[in-house]
Amino acid sequence: MALLLLLFLGVTPSASAFTASDADAIFAAYQKAFYYTEGINAFYRSTTEGNKTHFWDRAEQMEMVLDVYERTTNAGCLVIFSNLFDGFIADHGANWENNDYNDDIMWMVIACARAHQLTGNTTYRDIAKSNFDMCYARAWSTNLGGGLWWKTSNASKNACVNGPGSIAASLLYQIFHDTNYLAKAQAIYDWERAVLFDSDTGRVCDNIKIDGRISRRSFSYNQGTFIGAANFLGRTNDAKLAANFTQQILCIDKILPQYEQDGDAAGFNGICVRWLAKFMKERGLQALYEKWLQANADAAWKNTRKSDYLAWSRWREPTPNGPLYSWACSSSVVVMQIVAPNEANQ
């Protein structure tokens with residue numbers, strides 16, 4: 001069975017607006033550069049010649065593969081996901097309690113829950129459930145009024161775990177129809193909204209420290225997961241406020257933030273687009289957001305490196321020569337899968 005829609009890079013890039021074929025090509029380029037296997041186990045390299053990516057980067061790269069599958073329905077993507085899952089379990093086991101970062105666990109819970117919904121594979125379902133339950137039990141507390149701790153050191157409660165935590169609980173509610181998961185999704189969301197969300201502007205603040213100090217730094221992925229959680233729970237006004245803040249405040253010339261390629265932030269924009277676009281599509285808000293999202297996808301494609309069709313995380317600048325990070329390049333793949341091409345420009 002072919003694993004990819006394309007195994008070659010002999011394509012001519014579009015002049016500006018990307019096409020469905022371009023979305024195929026950028027994923028093929030990504031696979032060629034970063035994907036490798038050891039028996040049935042698969043991994044993504046951190047760079048073309050680097051070591052394996054870390055726990056949460058891998059979870060999000062696995063979500064990227066699911067994004068490609070949802071766009072194409074190419075069964076080869078599910079084989080890739082299965083091999084990546086086997087590689088992940090080989091390295092991290094089926095119980096992730098040794099990872100001190102609660103957000104890492106929630107990202108992988110989301111990936112596995114989505115995979116179950118797309119495949120019916122009960123292994124993905126069961127591992128998502130068991131690790132969510134473990135993580136919630138250690139992370140939720142009444143300190144600071146509720147919410148999930150970011151790490152087991154219990155020093156701060158962050159948007160990066162509470163948004164994903166609410167999404168994970170909503171997915172488990174969809175899968176198991178257990179209202180306890182719905183209640184958890186609502187409680188996590190309500191706490192994040194009350195403590196970290198500015199209902200006047202739509203800003204999602206990054207974290208609150210144990211002493212009550214709030215960091216008002218805003219990152220695109222926190223905006224995105226707040227929107228995703230709000231959408232699951234029907235809080236559409238909150239989601240619109242957060243989406244508008246992202247569009248109008250975080251962007252420069254319509255393009256999402258220029259995060260550096262060698263840090264955690266490199267893949268933030270892909271996460272943002274994933275949940276914002278889902279909200280847009282499910283609530284029929286294309287008139288508000290689609291052209292903006294298409295501008296970001298077009299910018300990612302326009303700035304690919306034509307020698308190998310990789311695109312980094314800074315979509316207002318051409319992708320440079322030299323080593324690239326797979327985590328940084330993943331957002332460009334994601335945005336071109338999630339966002340529909342602008343047919344008027346084809």
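Model, not experiment: these values are computed from the prediction. Note that these values count all heavy atoms, side chains included, but never hydrogens, waters or copies made by symmetry.
Side-chain atoms of Ser332 never come within 3.5 Å of backbone atoms of Ala300 as a donor-acceptor pair (strictly under, hydrogens ignored). Of the possible polar contacts, one joining the Thr19 side chain to the Asp22 backbone as a donor-acceptor pair under 3.5 Å is found. Side-chain N or O atoms of Arg213 include none that pairs as donor or acceptor with a backbone N or O of Ile208 at under 3.5 Å. No donor-acceptor distance shorter than 3.5 angstrom exists from the side chain of Asp253 to the backbone of Ile255, with no hydrogens or angles considered. Judged by distance alone, with hydrogens and angles left aside, the side-chain atoms of Thr225 form no donor-acceptor pair with the main-chain N or O of Gly228 at under 3.5 Å. Remark: side-chain polar atoms of Gln261 are not paired, donor with acceptor, to backbone N or O of Ala328 under 3.5 angstrom.
Under the 4.5 Å side-chain criterion, counting only non-hydrogen atoms from C-beta, Thr201 is not in contact with Ile249. The shortest side-chain heavy-atom distance between Ser331 and Trp315 falls under the 4.5 Å cut-off. At a threshold of 4.5 Å between non-hydrogen side-chain atoms, the residues Met62 and Phe85 count as touching. Using a 4.5 Å cut-off on side-chain heavy atoms (C-beta onward), Asn102 and Leu148 make no contact. Between Phe43 and Thr37, the closest side-chain pair of non-hydrogen atoms is not below 4.5 Å. A heavy-atom distance below 4.5 Å is found between the side chains of Tyr181 and Lys129. Inter-residue side-chain proximity for Tyr35 and Arg45 is flagged as unmet; no heavy-atom pair is nearer than 4.5 Å. Arg316 has its side chain within reach of Ile252: a pair of non-hydrogen atoms, C-beta onward, lies under 4.5 Å apart.
Between Asp238 and Arg193 there is a salt bridge, with a side-chain nitrogen of the basic residue lying less than 4.0 Å from a carboxylate oxygen of the acidic one. Salt bridge absent: Asp211 and Lys209 never bring a charged side-chain N and a carboxylate O closer than 4.0 Å. Ion pairing of Glu70 with Lys278 is absent here, as no side-chain N (NZ or NE/NH1/NH2) approaches a carboxylate O to less than 4.0 Å. Arg71 has no carboxylate O lying under 4.0 Å from a charged side-chain N of Asp67, or vice versa, which leaves the two without a salt bridge. Remark: Arg235 engages Asp190 in a salt bridge, criterion side-chain N to carboxylate O under 4.0 Å. Ion pairing between Glu97 and Arg138 fails under the 4.0 Å rule for side-chain N and carboxylate O. Between Arg305 and Asp308, at least one side-chain nitrogen of the basic residue sits less than 4.0 Å from a carboxylate oxygen of the acidic one, meeting the salt-bridge criterion. Between Lys151 and Asp103, none of the side-chain N atoms (NZ, or NE/NH1/NH2) sits under 4.0 Å from a carboxylate O, so this pair counts as no salt bridge.
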Problem - Derivation and outcome, side-chain contact (heavy atoms from CB on, under 4.5 Å), residues Gln337 and Tyr69 - result: CA-CA 9 Å; Gln337 312 306 315; Tyr69 175 74; over 6 Å; no
Exercise for the section: Given side-chain contact (heavy atoms from CB on, under 4.5 Å), test Leu256 with Trp292 step by step and report yes or no. Expected result: CA-CA 10 Å; Leu256 286 161; Trp292 162 50; 4.2 Å; yes
Practice task
Start with the C-alpha distance between Trp96 and Phe88, add both sets of side-chain angles, then the distance that settles ring-ring contact (aromatic ring centres under 6.0 Å, His included), and finish with yes or no.
Solution key: CA-CA 11 Å; Trp96 308 324; Phe88 187 95; 5.6 Å; yes
Exercise for the section: Go through Ile127 and Asn131 one step at a time and tell me if the side-chain contact (heavy atoms from CB on, under 4.5 Å) criterion holds. Expected result: CA-CA 6 Å; Ile127 204 167; Asn131 282 285; 3.5 Å; yes
Practice task
Tell me, with the steps shown, if Asp24 and Ser21 meet side chain to side chain donor-acceptor pair (under 3.5 Å).
Solution key: CA-CA 5 Å; Asp24 297 339; Ser21 294; 4.8 Å; no
Practice task
Could you walk me through whether Trp327 and Trp56 pass ring-ring contact (aromatic ring centres under 6.0 Å, His included), step by step?
Solution key: CA-CA 10 Å; Trp327 175 226; Trp56 93 281; 4.9 Å; yes
Handout entry: CA sep, side-chain torsions, deciding dist, call: Glu290, Lys281, salt bridge (charged side-chain N to carboxylate O under 4.0 Å, His left out)
Key = CA-CA 9 Å; Glu290 188 164 56; Lys281 294 170 186 176; over 6 Å; no
Exercise for the section: Let me see the working for Asn41 and Asp86 under side chain to side chain donor-acceptor pair (under 3.5 Å), right down to the final yes or no. Expected result: CA-CA 5 Å; Asn41 300 331; Asp86 289 341; over 6 Å; no
Handout entry: Derivation and outcome, side-chain contact (heavy atoms from CB on, under 4.5 Å), residues Phe279 and Lys240
Key = CA-CA 9 Å; Phe279 165 63; Lys240 283 180 68 175; 3.6 Å; yes
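Closest heavy-atom contact between Tyr124 and Cys112: CB-O, 3.4 Å. Across every non-hydrogen atom of Ser166 and Leu233, the tightest pair is OG-CD1, 4.0 Å. Considering every non-hydrogen atom in both Ala17 and Asp298, the closest pair reads CA-OD1, 3.2 Å. Taking every heavy atom of both residues into account, Val273 and Leu293 meet most closely at CG2-CD2, 4.4 Å. Ala229 and Tyr189 get closest at one heavy-atom pair: CB-CD1, 3.9 Å. Annotation for Phe197 and Ala242: closest pair CE1-CB, 4.2 Å, computed over non-hydrogen atoms.
Using a 3.5 Å distance cut-off with no hydrogens or angles, the side chains of Trp149 and Ser156 do not pair a donor with an acceptor. The closest side-chain donor-acceptor pair between Asp133 and Ser130, if any, does not fall under 3.5 angstrom. Remark: the Thr304 side chain and the Lys306 side chain contain an N/O donor-acceptor pair separated by less than 3.5 Å. Between the side chains of Ser220 and Asn269, at least one donor N or O lies within less than 3.5 Å of an accepting N or O. Remark: the Glu282 side chain and the Asn231 side chain contain an N/O donor-acceptor pair separated by less than 3.5 Å.
To the nearest 0.5 Å, atom CG of residue Asn51 and atom OG of residue Ser46 are 5.5 Å apart. To the nearest 0.5 angstrom, Gln186 atom CD is 13.5 Å from Phe232 atom CZ. Once rounded to the nearest 0.5 Å, the distance linking CG of Asp57 with OG of Ser330 reads 8.0 Å. Taken from CG in Asn222 to CD1 in Ile227, the straight-line distance is 11.0 Å, to the nearest 0.5 Å. Distance check, rounded to the nearest 0.5 Å: CD of Gln223 to OG of Ser218 gives 3.5 Å. Rounded to the nearest 0.5 angstrom, Trp150 CH2 and Lys157 NZ are separated by 15.0 Å.
Cation-pi check for Lys52 over Tyr44 is not met; the charged atom does not lie both under 6.0 angstrom from the ring centroid and within 45 degrees of its normal.
Residue Tyr325 belongs to no hydrophobic cluster, having no ILVMFWY side-chain heavy atom closer than 4.5 Å to its own.
With sequence neighbours excluded, the residues forming a side chain to side chain contact (heavy atoms under 4.5 Å, CB included) with Ser326 are Tyr30, Phe34, Thr53, Gln61, listed by chain and number.
The number of heavy atoms from other shown groups lying within 6.0 Å of NZ (Lys254) does not exceed 12.
Of the residues listed (Thr72, Val334, Val68, Asn74), the one engaging Phe27 in a side chain to side chain contact (heavy atoms under 4.5 Å, CB included) is Val68, and it is the only one.
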